[in-house]
Amino acid sequence: MAKVRAILWTYDQTKDGKYPIKIRISQDRKYKYLPTGKYCFKNEWNEKEQEVKKPHKNIGLVNAAIDRKKQDVKDIIDKAIIEQEILSLDQIVSRVQKNRQKVTAFKFGCDRIKSLHMRGKFAGAKDELAYLNNIYDFRTHNTALPKETEIANIKARRKERMGSKNQFEERVKLLSNCDKLTFDEIDAEFIKLFKAFCEGYLGHATKTVTNQLIYLRTLFNEAIKQGIVKEERYPFGSRGEKIRHTAGNKIGLTKEEVKRLEDLELDKGSAIWHTRNVWLFSFYFAGMRIADVLKLQWSDFMDGRLYYTMNKNDKPVSLAIPEKAQNILSFYASDKKSHTDFVFPYLKKADPKNEEDVFTKTRTATKLLNKYLKRIADQCGIQKKLTNHIARHTFGNIAGDSIHPLMLQKLYRHTDLKTTLNYQANFINKEADDALMSVINS
């Protein structure tokens, strides 16, 4: 009987020193190898367990892919045993490759979603499920109906999905079994029509449509790596759709507008009072992301400093606590029950050991905070759209060109200085303004 094992193929090496991970099929002292499309360094490979290990950054994703490839082979072998069929190694490989070509884009996308969810990447899993739902709505929408009628139908179906308690699990299961889209069907014409559907039926803005295309491109690249679709079918880049990133204006508050927020008279302990505190706290720490603010525990503060790990990129942060931030902390000190208690009230009922519960309550709180921020903007006479994320733009706007880019990179925790320069360019206007005025007023 054929045996299946994942191995590190040390006979080939990439330029950065990694080795390919392959599936070895052995039978009668003969071997065949199938690529997994995954790579790792020697010190990241666990030969006994046939999986990657730390310090590999994507352990869950890579190991899930390896398990899928091994299972694909085992399924072929087990079926042959049941049907009392004797297969050669070449026949096993041929059937595996043939079966993988039948994997739909929906099944492949759902496998990615399940992997993200398993690794605790709940935001990414939910975002990708939303993208996949949009593709499904595109493939199943009724073009024979008047446009407005079908838009209403789509909204009704979505409302029904949202009403289910187990909507995530149910939707992933449904889409996994959907056979309405293969990768070979995703071509330039498909992308053109999908873009039109997103804009015309779903009312998506340009940036949202771009995000959908980036997701499709990611799926396609991964499918090519895994041998599910041939590279010549790739519908992006020079041979197809060119994704153009559009950067809208990033607008932050001014010093004077922040002062209005600070001076606004609000009832202590009210929902809108907590909202103002959270927003200002984010601003005082260089535009700390809202999810990171809500997850802060008292144990994150030591010796006059804040120590935490950014949720977005797992980077450690250590900053001195500004006096204004300390004043906000003092409001909540009386509610402190333990060293590991959450500082702000929004996650008090969350189970800190349950990552999904924390994620769900964080996302719910974020929506609630944005609602109250609109009221705060009205009360302060601020015409700009005030949201949680605007705290980050506000810090950039006030910083302008007065802080060295390298220091801003450290405060923002950007991996690449280019990201900081591009981000801060939104808020550095003095030279352009002076040039304009020198011509107009000459």
Side-chain angles (χ1 to χ4, degrees), residues 44 52-63 115-128 277-322 324-326 328-329 332-333 336-366 369 388-396 399 403 405-420 423:
E44 296 174 337
V52 295
K53 61 181 180 179
K54 290 183 178 180
H56 199 286
K57 295 180 179 179
N58 295 312
I59 292 176
L61 180 64
V62 173
N63 287 336
S115 177
L116 286 168
H117 196 269
M118 180 182 67
R119 290 156 50 214
K121 305 293 184 180
F122 304 114
K126 288 184 180 295
D127 287 345
E128 292 205 2
N277 290 345
V278 168
W279 192 94
L280 288 174
F281 197 87
S282 167
F283 167 69
Y284 294 151
F285 281 103
M288 186 178 181
R289 289 182 173 84
I290 183 62
D292 292 328
V293 175
L294 296 178
K295 292 176 185 176
L296 287 176
Q297 298 172 304
W298 289 105
S299 56
D300 295 322
F301 299 90
M302 292 181 289
D303 304 323
R305 300 189 67 83
L306 165 63
Y307 298 88
Y308 78 102
T309 301
M310 291 181 69
N311 182 63
K312 185 174 182 178
N313 54 22
D314 294 327
K315 287 191 175 184
V317 179
S318 173
L319 293 169
I321 304 173
K324 290 183 177 181
Q326 186 62 58
I328 291 176
L329 288 175
Y332 298 93
K336 176 182 174 182
K337 295 179 181 178
S338 71
H339 196 50
T340 57
D341 195 18
F342 291 108
V343 174
F344 295 101
Y346 300 94
L347 301 184
K348 294 288 188 181
K349 294 182 180 180
D351 180 0
K353 295 181 181 179
N354 186 329
E355 292 182 1
E356 187 166 12
D357 186 45
V358 171
F359 165 77
T360 301
K361 287 184 170 60
T362 300
R363 180 163 280 198
T364 300
T366 301
L369 289 165
N388 291 295
H389 197 67
I390 291 299
R392 195 167 180 82
H393 298 338
T394 298
F395 184 86
I403 299 177
L406 288 173
M407 183 52 63
L408 285 172
Q409 181 189 9
K410 187 173 182 180
L411 289 170
Y412 292 144
R413 286 303 186 269
H414 287 155
T415 301
D416 191 342
L417 178 60
K418 188 185 294 184
T419 303
T420 304
Y423 183 85

Student: Using distance only, find each side-chain donor-acceptor pair of residues 293-304 under 3.5 Å and give its atom names and separation, not counting sequence neighbours.
Tutor:
unit_1 : atom_1 : unit_2 : atom_2 : d
Gln297 : NE2    : Thr340 : O      : 2.8
Asp300 : OD2    : Gln297 : N      : 2.8

Student: Distance from Glu44 atom CD to Lys54 atom NZ, nearest 0.5 Å?
Tutor: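 Here the interatomic distance stands at 12.5 Å.
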Student: Any side-chain heavy-atom pair from Val343 and Phe281 closer than 4.5 angstrom?
Tutor: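 No; the side chains remain at least 4.5 Å from each other.
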Student: If you compare all heavy atoms of Pro322 against all heavy atoms of Tyr284, which two are closest, and at what distance to 0.1 Å?
Tutor: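 In terms of heavy atoms, the two residues are closest at CG-O, 3.5 Å.
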Student: Looking at every non-hydrogen atom in both residues, tell me the closest pair between Met118 and Gly60 and how far apart they are.
Tutor: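 Answer, listing the atom of Met118 first, then Gly60: CE-O, 4.0 Å.
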Student: Looking only at heavy atoms, what is the nearest atom pair of Asp292 and Thr309, with distance?
Tutor: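 Distance-wise, the nearest heavy atoms are OD1-O, 4.1 Å.
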Student: If only atom types and distance count, is the side chain of Thr360 paired as donor or acceptor with the main-chain N or O of Glu356 below 3.5 Å?
Tutor: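 Checking the backbone N and O of Glu356 against the side chain of Thr360, a donor-acceptor pair under 3.5 Å is found.
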Student: Atom OG1 of Thr366 and atom NZ of Lys361: how far apart are they, to the nearest 0.5 Å?
Tutor: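 Here the interatomic distance stands at 13.5 Å.
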Student: Over 60° means perpendicular and under 30° means parallel, so classify the ring planes of Phe283 and Trp279, tilted if in between.
Tutor: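 Ring orientation, 0 to 90° scale: parallel.
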Student: Measure the spacing between OH of Tyr346 and OG1 of Thr364 and express it to the nearest 0.5 Å.
Tutor: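 OG1 of Thr364 is found 12.5 Å from OH of Tyr346.
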Student: Which pair of non-hydrogen atoms, one from Pro352 and one from Phe342, has the smallest distance, and what is that distance?
Tutor: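 Closest approach of Pro352 to Phe342, heavy atoms only: CB-CZ, 4.2 Å.
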Student: Scan residues 344-353 for pairs that pass salt bridge (charged side-chain N to carboxylate O under 4.0 Å, His left out), counting only residues two or more places apart or in two chains.
Tutor: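 For residues 344-353, and leaving out neighbouring residues, the salt bridge (charged side-chain N to carboxylate O under 4.0 Å, His left out) pairs sorted by first residue read Asp341-Lys348.
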Student: Any side-chain to backbone donor/acceptor pair from Ser282 onto Met288? Under 3.5 Å, distance only.
Tutor: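 Yes, because the side chain of Ser282 sits within donor-acceptor range (under 3.5 Å) of the backbone of Met288.
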Student: Report the distance from atom CG of Leu116 to atom NZ of Lys126, rounding to the nearest 0.5 Å.
Tutor: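 Here the interatomic distance stands at 12.0 Å.
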Student: Which atom pair, heavy atoms only, marks the closest approach of Ser318 to Tyr307?
Tutor: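 Reported closest heavy-atom pair: OG-CE2, 3.3 Å.
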Student: How close do Phe395 and Gly287 get, counting heavy atoms only, and between which atoms?
Tutor: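 It is CB-N, 4.2 Å.
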Student: Within this structure, what is the CD1-CZ distance for the pair Ile328 and Phe344, rounded to the nearest 0.5 Å?
Tutor: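 Spacing of CD1 (Ile328) from CZ (Phe344) equals 6.5 Å.
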Student: Parallel, tilted or perpendicular for Phe122 and His117, by the 30°/60° rule?
Tutor: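 Because their plane-to-plane angle is over 60°, the rings of Phe122 and His117 count as perpendicular.
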Student: Keeping the roles fixed (side chain from Asn388, backbone from Arg289), state whether a donor-acceptor pair exists under 3.5 Å.
Tutor: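 Judged by distance alone, no pair lies under 3.5 Å.
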